[in-house]
Amino acid sequence: MTTIADRQVQDSGHSAPTTHAKLAQWVEEVAALTKPDRVYWVDGSQEENDRLTAQLVEAGTLIKLNEEKFPGSFAAFSDPSDVARVEEQTYICSVNERDAGFTNNWMEPNEMKAKLNGLFDGAMRGRTMYVIPFIMGHLDAEDPKFGVEITDSEYVVASMRIMARIGTDVLRKLEEKQSFFVPALHSVGAPLEAGQADVPWPCNPEKWIVHFPEERSIVSYGSGYGGNALLGKKCFALRIASVVARDEGWLAEHMLILKLTSPEGKDYHVAAAFPSACGKTNLALLDPTIEGWKVETLGDDIAWMRVGANGELRAVNPEAGLFGVAPGTGWSTNPNAMRAIEKGNSVFTNVALTDDGGVWWEGMTDETPAHLTDWLGNDWTPESDRPAAHPNSRFCTPIAQIDMLSDEYNDPQGVKIDAILFGGRRKTTVPLVTQARSWTSGVFMGSTLSSETTAAAAGQVGLVRRDPMAMLPFIGYDAGDYLNHWDSIRSHLAEDQLPQIFLVNWFRRTSEGGFAWPGFGENSRVLKWAIERLEGKADAVDTPIGFVPAAGSLDIKGLDLSEDEVAEATHVDVDEWCAELPGIEEWFARFGDSLPASLRTELDELTARLGR
Ligand SMILES: Nc1nc2c(ncn2[C@@H]2O[C@H](COP(=O)(O)OP(=O)(O)O)[C@@H](O)[C@H]2O)c(=O)[nH]1
Ligand SMILES: C=C(OP(=O)(O)O)C(=O)O
Ligand SMILES: [Mn+2]
């Protein structure tokens with residue numbers, strides 16, 4: 001039998017894969033446990049990617065798309081059971097149960113490790129074990145945040161290469177100071193016995209997505225789906241990073257970042273938190289419909305925000321790619337995303353295939369193709385009663401392909417945030433836009449944010465649930481401590497640098513059932529109002545929940561919407577809000593002692609303003 005070191009020499013060409021002692025040791029241990037046929041150190045090169053994707057095409061996991069239409073791009077089709085994040089199987093294994101809080105599943109760390117050791121024993125048999133050095137954020141950040149993902153999935157390697165900075169440069173930087181890295185272990189949990197044929201999408205019916213917050217480590221078993229398997233994203237950059245951020249005095253948030261330039265040439269930066277599949281990628285790539293206003297993208301999913309030298313909140317996007325919801329992303333709704341996708345170098349998952357080797361999903365074009373192969377591999381026509389693409393189908397595309405990417409994306413210092421939006425998907429109650437009266441009142445809006453569940457997570461769709469700061473599935477510690485942390489950030493920010501906080505809802509319905517607001521590019525009008533509020537220019541009505549646009553203050557020039565319809569989108573219905581109060585009381589009760597007193601006060605004051 002060859003030793004692990006021999007296998008590394010044989011398969012990667014590196015005579016000494018790493019001089020990082022801890023990393024070498026961890027890789028050795030994992031290989032001894034999981035018993036792969038080969039260990040391969042990922043260098044991140046184009047040549048390597050070509051080789052791995054060719055291998056995946058050979059295996060039937062990837063389909064090479066029409067080179068002219070989608071250069072260097074592939075489609076993958078998952079096992080029909082492995083299409084979304086599995087929140088029921090996601091665990092925060094802190095030493096004390098209390099520290100995981102009521103929003104997380106918890107198991108005692110040693111008990112979990114014993115279970116995982118059993119599952120990982122021989123889990124990579126017959127497969128290659130890939131070692132992917134990666135970094136979330138910039139290589140030249142003041143305090144770079146490294147991770148290393150070990151995986152037995154080539155699909156994960158190809159996707160991680162898009163989503164994060166990976167490979168040899170990262171490894172060398174990691175070695176320089178023998179820096180700390182987050183060990184992130186992933187297996188699809190489908191070992192191959194000698195002679196056993198592989199399937200296109202190996203996975204295991206049993207899934208575990210596990211975080212050890214004190215150790216800052218991640219173990220993921222059984223799933224190949226992005227949110228469960230690309231461990232730099234939700235697992236590291238949100239769950240583990242939120243814990244690091246608490247300890248180091250910053251915020252790791254589920255937020256897009258955009259830059260807005262007014263007709264006068266003044267720049268503003270906005271961060272916005274919406275739950276999964278509630279509009280982050282679309283807002284980040286927004287094409288403004290109002291004259292003179294310009295939007296540039298910095299990030300579409302995750303913001304790491306620190307307090308800057310002048311007491312300002314500064315945000316960076318730690319990712320390098322988009323992992324966007326495909327359905328609803330189209331030429332009329334999100335042309336900027338479409339242009340980025342068309343440049344190629346993308347991996348699509350669970351979309352439909354056109355007959356000429358392209359991809360399609362609901363909402364991509366105004367016209368529906370006459371024939372498609374749906375995500376399950378069946379013939380599909382417009383008469384079919386099922387969607388052609390899975391509702392949580394995704395495109396995975398390098399962020400650098402966005403034409404409107406801001407230069408500031410490359411600045412490790414990040415950008416100063418002027419406004420924070422919290423938003424959800426609510427048919428009723430929540431108006432188009434509401435400005436918070438104060439930072440604390442804004443934190444209250446975030447803490448009570450509610451949204452209907454979507455296809456991004458397994459389970460029923462359309463149920464209203466509380467989703468604090470759109471972080472419900474991603475807070476890596478006690479939710480009350482998390483709100484206290486938000487509350488405490490206030491004291492580090494300078495009074496004149498405080499971002500203004502807004503609550504938005506693009507998904508309110510009219511009495512006829514349609515969307516009350518056209519959304520997408522038209523959301524630029526809401527951004528304009530928010531900026532004019534910062535500048536003290538736009539008028540607002542003081543309502544029990546906060547400031548909403550006064551009649552005429554929202555720019556609706558050129559929009560096919562009457563003042564009455566705008567009023568329907570923006571009005572605050574006191575009865576609806578009174579009906580909302582018991583749910584908020586119930587929600588806050590779940591925090592027990594860890595609810596910040598300031599938020600309790602906010603709720604009492606809201607209740608009083610509503611006349612209850
Ligand atoms: N009606 C409406 N739908 C939207 C809007 N923005 C996004 N969506 C839809 O919401 C879904 C998720 O959007 P996306 O931006 O990918 O959400 P993310 O997961 O938060 O990044 C897609 O189907 C979009 O078409 C909007 O302003 N109005
Ligand atoms: C990446 C995901 O989230 P989002 O829908 O926020 O992009 C996910 O849910 O796996
Ligand atoms: Mn998104």
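Atoms within each ligand, like the ligands themselves, are counted from 1 in listed order.
- Under the 4.0 Å criterion applied to side-chain N and carboxylate O atoms, Glu253 and Lys280 are not assigned as salt-bridge partners.
- Distances from ligand 1 to the non-hydrogen atoms of Arg425 include at least one value under 4.0 Å.
- Between Pro275 and ligand 1 there is a heavy-atom distance shorter than 4.0 Å.
- Separating the CZ atom in Arg314 from the CE atom in Met305 is a distance of 12.5 Å, to the nearest 0.5 Å.
- For ligand 1, the atoms lying closer than 4.0 Å to a non-hydrogen atom of Ser276 are 19 (O).
- At a heavy-atom distance under 4.0 Å, only side-chain atoms of Asn523, from C-beta outward, approach ligand 1.
- Neither the backbone nor the side chain of Trp517 comes within 4.0 Å of ligand 1, counting heavy atoms alone.
- Inclusion of Thr281 in the first shell of the Mn ion (ligand 3) is supported: an N, O or S atom falls under 2.8 Å.
- Taking only non-hydrogen atoms, the option from Phe274, Phe515, Trp361, Phe323 nearest to atom 1 (N) of ligand 1 is Phe515.
- Under a 4.0 Å criterion applied to the non-hydrogen atoms of Val325, ligand 1 contributes the atoms 16 (O), 19 (O).
- Ligand 1 places these atoms under 4.0 Å from at least one heavy atom of Pro327: 22 (C), 23 (O).
- In this structure, OG in Ser450 is found 5.0 Å from CD in Glu580, a value given to the nearest 0.5 Å.
- Note: no N/O pair closer than 3.5 Å links Phe507 and ligand 1 by distance alone.
- The ligand atoms of ligand 1 that sit less than 4.0 angstrom from a heavy atom of Asn282 are 6 (N), 7 (C), 13 (O), 14 (P), 15 (O), 16 (O), 24 (C).
- In this structure, Arg425 satisfies the cation-pi test against Phe507, with its NZ or CZ atom closer than 6.0 Å to the six-membered ring centre and inside 45 degrees of the ring normal.
- Distances below 4.0 Å separate heavy atoms of Ala277 from the following atoms of ligand 1: 10 (O), 11 (C), 12 (C), 17 (O), 18 (P), 19 (O), 20 (O).
- In this structure, Cys278 is part of the shell of residues with a heavy atom less than 4.0 angstrom from ligand 1.
- Taking only nitrogen or oxygen atoms, main chain and side chain alike, Gly279 reaches within less than 3.5 Å of ligand 1.
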